[in-house]
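To start, the structure under review is shown below, and the notes come after it.
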Amino acid sequence: MKTRERARLALASLLLAAAPAMAADYVQAPGSTLVFASNYQGETFTGKFGGFATTLSFDPAQLATSKLDVTIQLAGTQTGNGDRDGTLTSSDFFNVAKFAQARYTATKFRSLGGNQYAADGTLSLRGVSKPVTLTFTWTPGAQPVLAGKATVKRLDFGVGGGDWADTSTIPNDVAISTRVVLKPAK
C-alpha cells in the first residue's frame with residue numbers, strides 16, 4: 001500500500017471515529033396508549049384520542065441527536081360520555097372540522113438521572129404552538145417503552161374558551177400520559 005493511500009485510509013478512519021453517533025430510529029408499535037385526564041364540576045374523567053402515531057430517534061448516550069414526533073388524531077376522541085365527546089370535538093374545544101390533528105415535536109432532550117428524561121418540545125393544537133415538556137421513563141429492549149407525562153394548559157390553545165373558560169368548572173391544566181411501545185424503524 002502506498003503512503004498516499006495509507007494517509008487517505010487513516011484520514012477516513014479518523015473522520016468516521018469522530019462522527020457523532022446517531023440515535024436509534026423507532027416507530028410506534030401496537031399496545032401504545034395516549035390518554036388525558038381532567039375534571040368537570042369536580043368529577044374526574046379520562047379520555048383517549050382518536051389515534052396517534054409516534055416516530056422517535058433516541059439514544060440515552062446521544063441526547064443531542066434525539067427527535068420525537070407525535071401526530072394526534074382529534075376526531076374520535078372518547079371519554080365514555082357521548083355528550084362530552086361531542087363537545088370536545090366541537091368548535092368550542094378541538095374544532096376537528098378545522099383542526100383534525102395536533103402534533104408534538106421535540107428536539108431538545110435532557111437526562112433527569114437514571115432512566116428518566118425530559119423532552120422539551122412544542123405542541124401544535126388548534127393552530128397555536130406552545131412549549132410543552134414531556135417527562136418520561138425509558139425502558140430499553142427489543143421493543144423499548146417510553147412512558148411519559150405532561151401537563152397542557154388548555155386555555156393557551158383556545159381549548160374550551162368562551163363559556164368554558166371558567167377554570168372552576170374545568171381546570172386549565174390537563175394531564176396527559178402516554179405509554180409508547182416502540183419497534184425499530186425499517
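Just so you know, residue 1 is the first one in the sequence shown, and it goes up from there.
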Can you find a pair of side-chain heavy atoms, one from Leu123 and one from Phe157, that are under 4.5 Å apart?
yes
Taking the side chain as everything from C-beta on, heavy atoms only, tell me whether Thr139 gets closer than 4.5 Å to Pro144.
no
Say whether [X] and [Y], considering side chains only, have a donor N or O and an acceptor N or O under 3.5 Å apart.
X      : Y      : result
Gln41  : Thr169 : no
Thr55  : Asp69  : no
Asp25  : Ser57  : yes
Arg84  : Thr79  : yes
Ser168 : Asp166 : yes

Under a 4.5 Å side-chain heavy-atom rule over Ile, Leu, Val, Met, Phe, Trp and Tyr, are Tyr104 and Val35 clustered together?
no
Do the ring centers of Phe136 and Phe58 come within less than 6.0 Å of each other?
yes
Does the pair Thr135 and Leu112 meet the rule for a side chain to side chain contact (heavy atoms under 4.5 Å, CB included), with working shown?
CA-CA 9 Å; Thr135 57; Leu112 302 177; 4.2 Å; yes
Any donor-acceptor pair under 3.5 Å from Gln28 side chain to Thr54 backbone:
yes
Using atom types as modelled and distance alone, determine if a side-chain donor or acceptor of Thr46 lies under 3.5 Å from a backbone N or O of Phe36.
no
Please tabulate, for the side chains in residues 171-179, all donor-acceptor contacts under 3.5 angstrom to protein atoms that are two or more places apart in sequence or on a different chain.
unit_1: Asn172; atom_1: OD1; unit_2: Arg154; atom_2: N; d: 3.3
unit_1: Asn172; atom_1: OD1; unit_2: Leu155; atom_2: N; d: 2.9
unit_1: Asp173; atom_1: OD1; unit_2: Lys153; atom_2: NZ; d: 2.7
unit_1: Thr178; atom_1: OG1; unit_2: Thr33; atom_2: O; d: 2.7

Side-chain donor-acceptor pairs of residues 92-102 under 3.5 Å, sequence neighbours excluded:
none

Assess Arg110 against Tyr117: is NZ or CZ under 6.0 Å from the centre of the six-membered ring, and within 45 degrees of the ring's axis?
no
